[in-house]
Protein chains: 2
Amino acid sequence: MELLDRSEAETYATWFRALSDPTRVQILELLAREDRPLSVGEIVAAVGLAQSTVSQHLKILAGVRFLLVEPDGNARMYRVNERCLSRFPSAADVVMGRPAPDAGDACPEV
Amino acid sequence: MELLDRSEAETYATWFRALSDPTRVQILELLAREDRPLSVGEIVAAVGLAQSTVSQHLKILAGVRFLLVEPDGNARMYRVNERCLSRFPSAADVVMGRPAPDAGDACPEV
DNA sequence: ATCGTTTATCGCCGATAGACGATGAAGACT
DNA sequence: AGTCTTCATCGTCTATCGGCGATAAACGAT
């Protein structure tokens with residue numbers, strides 16, 4: 001009985017772990033729905049947690065490349081990485097038995 | 001700026017957290033691909049961890065209803081919950097900005 | 001150069017997760 | 001009855017997580 005390749009499983013687990021916190025789910029969904037870059041301050045205001053806490057969440061989401069950062073003057077604007085918009089849901093398909101649609105390179109960094 | 005409903009975000013986070021471990025990803029993918037119930041002993045042999053550890057992982061996966069259990073003689077057979085096969089990937093769509101396809105009741109218990 | 005704004009990082013904490021071995025419970029089989 | 005198999009649960013260990021305040025770093029503006 002064959003297991004899914006370990007490193008592939010670890011990659012998926014990393015993606016899922018990035019979304020294992022409800023606040024991070026809300027942040028990602030917000031950025032995906034707004035469909036425009038938001039500053040850290042705007043996100044802090046939206047979620048209502050300490051700035052250091054939000055910054056930590058953003059670091060985690062950016063670490064798996066769900067988010068991209070770009071400086072704008074003094075602020076740092078976060079936006080969703082469009083390359084993940086389909087790649088992540090397809091990971092959900094894989095673990096549910098649907099074969100991976102195509103190989104391609106992974107969206108999050110390895 | 002509106003956030004995703006908190007309880008909905010918590011539900012999704014719970015699903016993702018259940019798959020935040022590579023071993024659980026492998027277990028779920030194995031059961032989905034084999035498409036037949038497997039006993040704990042078979043799963044233990046496949047993943048190569050202690051039986052108590054695997055049992056713990058199975059409890060987590062069953063806790064969110066990704067897996068269903070059914071006793072068969074002395075063994076306990078685990079299989080994937082077909083009702084989750086589409087519901088979980090659609091959660092991945094939601095956090096990526098795609099609107100939820102339809103309401104329906106959640107697959108995991110609340 | 002100094003100030004104010006914005007964001008990241010550090011250190012600390014309580015809580016949770018993952019691993020294991022040992023023990024316990026439920027059945028099957030003589 | 002006893003025994004063997006199969007699995008869940010308990011207790012313990014260590015490691016990681018999520019939160020916060022405080023501090024540092026980067027930059028624009030004065």
Side-chain angles (χ1 to χ4, degrees), chain A residues 1 3 6 9-28 30-31 36-79, chain B residues 1 3 6-7 9-28 30-31 36-79 108:
Chain A
M1 263 184 327
L3 280 184
R6 182 67 182 189
E10 283 170 353
T11 299
Y12 293 158
T14 300
W15 296 359
F16 293 136
R17 182 164 38 243
L19 294 179
S20 66
D21 182 275
T23 298
R24 286 197 292 272
V25 170
Q26 288 181 305
I27 290 174
L28 180 59
L30 172 65
L31 285 165
R36 65 179 173 105
L38 293 184
S39 71
V40 176
E42 292 176 295
I43 301 172
V44 168
V47 306
L49 289 179
Q51 176 265 321
S52 61
T53 302
V54 173
S55 189
Q56 198 57 32
H57 283 311
L58 291 172
K59 182 182 184 178
I60 291 171
L61 289 173
V64 296
R65 303 275 183 167
F66 282 165
L67 298 184
L68 299 179
V69 208
E70 193 178 8
D72 174 19
N74 213 339
R76 298 187 27 112
M77 311 302 288
Y78 282 85
R79 60 185 174 86
Chain B
M1 265 183 326
L3 282 184
R6 181 69 182 186
S7 69
E10 283 170 352
T11 298
Y12 293 157
T14 301
W15 296 359
F16 293 136
R17 182 162 39 241
L19 294 179
S20 67
D21 182 276
T23 298
R24 287 198 291 274
V25 170
Q26 289 181 304
I27 290 174
L28 181 59
L30 172 65
L31 285 165
R36 67 181 171 103
L38 293 184
S39 71
V40 176
E42 293 176 293
I43 301 171
V44 167
V47 307
L49 289 179
Q51 177 264 321
S52 61
T53 303
V54 173
S55 189
Q56 198 57 33
H57 283 312
L58 291 172
K59 182 181 183 177
I60 291 172
L61 289 173
V64 295
R65 302 277 183 165
F66 283 165
L67 299 184
L68 299 178
V69 208
E70 193 179 7
D72 173 19
N74 213 339
R76 299 189 25 114
M77 311 302 289
Y78 282 85
R79 60 186 175 86

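Owing to the predicted nature of the structure, the values given are computational and were not obtained by experimental measurement. Lettering follows sequence order; numbering is per chain, from 1.
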(message) Looking at dG19(D), I'd like to know if its phosphate oxygens (OP1 or OP2) sit under 4.0 Å from a side-chain N or O belonging to His57(A).
(response) yes
(request) Take the protein atom CG of Asp72(A) and the nucleotide atom P of dA26(D), then report the distance between them rounded to whole Å. (result) 18 Å
(request) Write down the distance between CZ (Phe16(A)) and P (dC17(D)), rounded to a whole number of angstrom. (result) 17 Å
(request) Identify the heavy atoms of Leu30(A) and Ala46(A) that sit nearest to each other, and give their distance. (result) CD2-CB, 4.0 Å
(request) Search all heavy atoms of His57(A) against all heavy atoms of Thr23(A) and return the closest pair with its distance. (result) CD2-CG2, 3.8 Å
(request) Just jot down the side-chain contact (heavy atoms from CB on, under 4.5 Å) partners of Ala50(B), sequence neighbours excluded, or say none. (result) Ser52(B), Thr53(B)
(request) Rounded off to whole Å, could you give me the CG-to-C1' distance for the Leu61(A) and dA8(C) pair? (result) 15 Å
(request) Would you mind reading off the distance between Asp21(B) atom CG and dT16(D) atom P, rounded to a whole angstrom? (result) 13 Å
(message) Which is more 5' along DNA chain D, the nucleotide nearest Ser20(A) or the one nearest Gly73(A)? Just name the residue.
(response) Ser20(A)
(message) Whole angstroms only, please: what is the CD1-P distance between Ile27(B) and dG18(C)?
(response) 11 Å
(request) Keeping the roles fixed (side chain from Arg17(B), backbone from Ser20(A)), state whether a donor-acceptor pair exists under 3.5 Å. (result) yes
(message) Just so I know, are the side chains of Trp15(A) and Thr11(A) near enough to count as touching, which here means a heavy-atom distance under 4.5 Å?
(response) yes
(request) Starting at atom CG of Leu49(A), determine the distance to atom C1' of dG21(D), rounded to an integer number of angstrom. (result) 14 Å
(message) What is the distance, to the nearest angstrom, from the CZ atom on Arg17(A) to the C1' atom on dT16(D)?
(response) 9 Å
Pairs: protein N or O with nucleotides 3-9 of chain D N or O, under 3.5 Å:
unit_1	atom_1	unit_2	atom_2	d
dT5(D)	O2	Asn74(B)	ND2	2.7
dC7(D)	OP1	Val40(B)	N	3.2
dC7(D)	OP1	Arg76(B)	N	3.4
dC7(D)	OP2	Gly41(B)	N	2.8
dA8(D)	OP1	Arg76(B)	NE	3.3
dA8(D)	OP1	Tyr78(B)	OH	2.5
dA8(D)	OP2	Ser55(B)	OG	2.5
dA8(D)	O5'	Ser55(B)	OG	3.4
dA8(D)	N7	Gln51(B)	NE2	2.8
dA8(D)	N6	Gln51(B)	OE1	3.1

(message) Please enumerate all residues that pass side-chain contact (heavy atoms from CB on, under 4.5 Å) together with Pro22(A), with sequence neighbours excluded.
(response) Arg6(B), Ala9(B), Glu10(B), Ala13(B)
